[in-house]
Protein chains: 2
Amino acid sequence: MSDDEHESKPARDRSQVTIIDIARMAGVSKKTVSRVINESPLVREETRKKVKEIIAETGFTPNPQARALAFRKSFLVGLVYDNPSPQYVVNMQRGILDTLGDTAFQLVLRPCDRGDENYRERVRSFIVQHKPHGIILTPSVSEDETLAEILREEECDYVRIASLELDVPSRSIRTHDAQGAEMAAAHLAQLGHKRIGHIHGPKTFRSAHERLSGFRSGLESYGLELAPELTVEGAYTFDSGVSSATRLLNRRDRPTAIFAGNDEMAVGVYVAARKAGLRIPEDLSIVGFDDTPISARIWPPLTTVRSPIREVGRAAADLLLKRGSGSENLEELQSFQLELIVRESTRSV
Amino acid sequence: MSDDEHESKPARDRSQVTIIDIARMAGVSKKTVSRVINESPLVREETRKKVKEIIAETGFTPNPQARALAFRKSFLVGLVYDNPSPQYVVNMQRGILDTLGDTAFQLVLRPCDRGDENYRERVRSFIVQHKPHGIILTPSVSEDETLAEILREEECDYVRIASLELDVPSRSIRTHDAQGAEMAAAHLAQLGHKRIGHIHGPKTFRSAHERLSGFRSGLESYGLELAPELTVEGAYTFDSGVSSATRLLNRRDRPTAIFAGNDEMAVGVYVAARKAGLRIPEDLSIVGFDDTPISARIWPPLTTVRSPIREVGRAAADLLLKRGSGSENLEELQSFQLELIVRESTRSV
DNA sequence: CTGAAAGCGCTTACAG
DNA sequence: CTGAAAGCGCTTACAG
């Protein structure tokens with residue numbers, strides 16, 4: 001380096017093909033090449049074809065840094081999340097990456113902590129600085145209306161994933177948790193259980209509310225009532241599952257079945273049952289939610305509700321990428337099938 | 001839009017502060033401001049201070065897209081991985097993000113599949129197109145010498161995380177798996193076990209080899225031998241743990257303890273033991289490796305080796321960011337303490 | 001130690 | 001439907 005500072009060597013000078021080379025080879029202007037790249041309809045079909053051929057021959061790919069600078073918008077898609085479950089996070093990432101694939105778009109991770117007072121401002125600075133193409137929000141941050149307002153203020157496109165519709169349809173992906181909980185209720189009702197307990201997640205999570213109300217209405221359609229004294233609040237954690245279940249199982253009128261709001265807590269119920277000397281499923285049936293890997297590895301294998309997280313991630317990214325292309329089919333992108341996975345933790349009374 | 005195509009609106013025209021504004025306010029040239037931003041030593045202390053003050057006052061942050069274009073190098077750090085364990089992946093991401101924090105650098109995900117013939121070329125196109133600041137490779141892709149060669153060819157900086165040193169020290173982070181396996185061996189030997197089985201990972205993984213040889217030498221230092229007939233190869237999966245353990249436990253001279261190469265397989269050993277009618281730890285002691293969440297939730301809780309994945313991720317990112325700053329301390333960045341977590345799956349014979 | 005000019009590779013704004 | 005000019009906000013290369 002002739003001058004100073006920057007320590008890292010510049011990338012190899014493999015005289016890269018640029019839009020100028022393509023323009024010259026096709027005998028058109030840069031702008032026309034640019035139009036082809038950006039799929040403008042305002043190019044004669046013949047011209048477009050020629051340019052496309054040359055692009056294919058040369059293997060040219062437009063420089064994303066240059067495009068980002070000119071567009072004032074980068075090719076990053078930000079995932080803003082606070083869900084602590086590794087399985088959930090990884091599945092979501094996989095789904096988004098399925099859609100992003102080998103496009104120019106890159107997935108950038110932005111974990112956050114709602115406990116941090118500045119968390120919203122951190123998201124804002126990310127947006128202002130990096131001008132992402134869009135943001136995908138998962139529960140529970142997706143439920144933060146103030147954050148959504150900030151994104152709108154900064155004119156950043158986004159999609160909110162949640163258990164119910166929180167925003168306009170084009171910015172929402174619903175996960176239909178209530179429906180999954182209904183399936184759990186039907187299963188237990190059909191097995192003849194009457195005294196059924198439920199450990200729901202923290203009330204600050206919409207999913208906890210949706211699963212609770214879905215479970216309740218599911219029981220009601222079988223003429224059963226979800227007894228208030230058998231409905232307790234957990235924290236979606238293993239430990240809270242243990243303590244909540246211990247409370248339920250210590251009652252003289254203990255339930256014969258417990259539906260836990262997620263698998264983590266369901267596994268906690270196993271521990272509480274063992275401590276109480278109860279056999280699963282002979283003395284206690286257990287249903288979880290999420291179908292995390294542990295549900296198939298624990299003994300006995302856990303009956304649980306599978307939520308198609310990866311598909312949800314795929315759909316969220318689709319929504320972002322297809323925006324305005326007219327090809328998005330909101331209906332299709334927003335209908336997910338939950339599934340009850342019946343294993344060996346449930347049995348008829 | 002006056003002309004055509006691009007559907008998304010340009011970002012808000014909040015006349016953003018640029019390097020020109022800062023230069024004007026400080027009464028210096030753009031280049032001098034640039035020098036301050038890039039921490040060039042070639043600026044008079046007084047000038048630097050003044051510029052820094054103005055930067056702080058205005059809240060100016062240099063535009064990463066513009067810098068990337070001019071530098072021919074982006075502010076992305078790519079994580080290239082193929083490890084299927086969600087827990088591992090998430091911990092690694094967390095560690096890297098700990099270091100990246102609120103810097104201009106962003107973490108970009110590049111999962112890959114070594115089964116895919118083109119996987120190396122996909123990594124190459126990512127690099128050529130996005131010109132990342134650096135790449136972090138985790139096992140097993142980190143062990144692919146051909147891939148490393150491609151990165152060097154493209155002059156892309158990288159750090160390889162592996163259970164042994166595969167590259168020059170400044171591009172390596174060692175995880176010392178052998179040492180962890182030695183601790184497992186010592187633990188079982190001290191409990192008086194003599195007939196000890198080992199289910200190791202696939203031979204294509206260096207970690208499998210390291211854990212095996214560490215375990216063997218650990219036993220040897222207690223005068224014990226790892227019997228070849230009690231050493232079987234698994235696939236690091238739950239199912240392979242079940243089948244490998246079944247084979248070991250069906251022997252008439254079955255082992256009194258099994259060390260599994262990871263927790264996934266260790267959990268498989270639980271299932272095989274249950275099927276064989278063996279109690280844990282009364283009839284069989286089990287030790288795992290990784291300390292994944294399931295190890296504390298399964299019954300009885302699993303004794304396992306904890307590998308500080310998050311710290312490893314932190315160190316890898318440190319190595320990348322501090323490159324050339326002279327402040328990196330290779331020694332320190334590469335010494336990790338593994339820890340044996342003794343739970344209830346092991347007992348003396 | 002500092003600066004004026006040219007350039008990174010694209011797109012926008014305008015004109016035809 | 002197409003193009004020449006200006007610009008995105010920085011850094012490099014050169015000069016002093």
Side-chain angles (χ1 to χ4, degrees), chain A residues 1-11 13 15-24 26-51 55 60-75 104 128-131, chain B residues 1-11 13 15-24 26-51 55 60-75 104 128-131:
Chain A
M1 272 168 287
S2 71
D3 183 39
D4 42 318
E5 56 263 302
H6 208 61
E7 66 280 349
S8 53
K9 278 187 290 182
D13 199 10
S15 52
Q16 217 194 309
V17 182
T18 73
I19 199 173
I20 295 190
D21 302 309
I22 305 295
R24 189 157 28 210
V28 297
S29 72
K30 278 164 47 176
K31 180 53 190 166
T32 297
V33 177
S34 170
R35 284 194 179 89
V36 172
I37 294 171
N38 292 297
E39 306 196 305
S40 162
L42 306 176
V43 182
R44 206 161 22 122
E45 194 44 50
E46 205 182 329
T47 315
R48 177 196 314 285
K49 203 181 148 198
K50 172 140 193 198
V51 172
I55 288 179
F60 165 74
T61 31
N63 178 316
Q65 285 82 42
R67 297 183 84 193
L69 181 58
F71 269 143
R72 293 162 192 80
K73 195 170 209 65
S74 75
F75 287 82
V128 171
Q129 266 193 63
H130 291 276
K131 306 176 183 62
Chain B
M1 271 166 286
S2 68
D3 185 39
D4 44 321
E5 57 261 301
H6 208 61
E7 68 281 348
S8 54
K9 279 186 290 183
D13 198 10
S15 52
Q16 217 193 306
V17 182
T18 74
I19 200 175
I20 295 190
D21 302 310
I22 304 295
R24 190 160 26 210
V28 297
S29 71
K30 278 161 50 174
K31 179 55 190 167
T32 297
V33 177
S34 171
R35 284 193 178 90
V36 172
I37 293 170
N38 293 297
E39 305 195 307
S40 161
L42 306 178
V43 182
R44 206 163 19 123
E45 194 44 50
E46 204 180 331
T47 314
R48 176 194 317 283
K49 202 180 149 200
K50 173 141 193 197
V51 172
I55 288 179
F60 165 75
T61 31
N63 179 316
Q65 284 83 42
R67 298 182 83 193
L69 180 58
F71 269 143
R72 293 162 194 76
K73 197 171 207 62
S74 75
F75 287 83
V128 170
Q129 267 194 60
H130 291 276
K131 305 176 182 65

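Every chain is numbered from 1, with letters handed out A, B, ... down the list of sequences. Keep in mind the model is a prediction, meaning the values are calculated, not measured.
Of the residues near DNA chain C, B/A70 and B/V28, the one whose nearest nucleotide (by heavy atom distance) lies more toward the 5' end is B/V28. Heavy-atom distances to DNA chain C give each of B/A66 and B/R44 a nearest nucleotide, and the one nearer the 5′ end belongs to B/R44.
Side-chain nitrogen and oxygen atoms of A/S34 include at least one within less than 4.0 Å of the OP1 or OP2 phosphate oxygen of C/dT11. At D/dG9, none of the side-chain N or O atoms of B/T18 fall inside 4.0 Å of OP1 or OP2 (strictly under the cut-off). Applying the 4.0 Å criterion to OP1 and OP2 of C/dT11, one finds that A/N38 has a side-chain N or O inside that range. At C/dC1, none of the side-chain N or O atoms of B/R35 fall inside 4.0 Å of OP1 or OP2 (strictly under the cut-off). OP1 and OP2 of C/dC1 both lie 4.0 Å or more from every side-chain N or O belonging to B/T47. Dashed line: the shortest gap from a side-chain N or O of A/R67 to OP1 or OP2 of C/dT11 is under 4.0 Å. For the pair B/S29 and C/dT2, the criterion of a side-chain N or O lying under 4.0 Å from OP1 or OP2 is not met.
Pairing for C/dA13 is absent, judged as Watson-Crick or G-U wobble with the two contacts each under 3.5 Å.
Nearest nucleotide to the B/L42 side chain, out of D/dT11, C/dT11, C/dT2: C/dT2. For A/K31, counting side-chain heavy atoms from C-beta on, the closest listed nucleotide (C/dG9, C/dA13, D/dC8) is C/dA13.
No hydrogens or angles were tested; on distance alone, nothing pairs the side chain of B/R72 with the base of C/dG7 as donor and acceptor under 3.5 Å.
Looking at heavy atoms from C-beta onward, A/V28 lies in side-chain contact with A/V33 at the 4.5 angstrom threshold.
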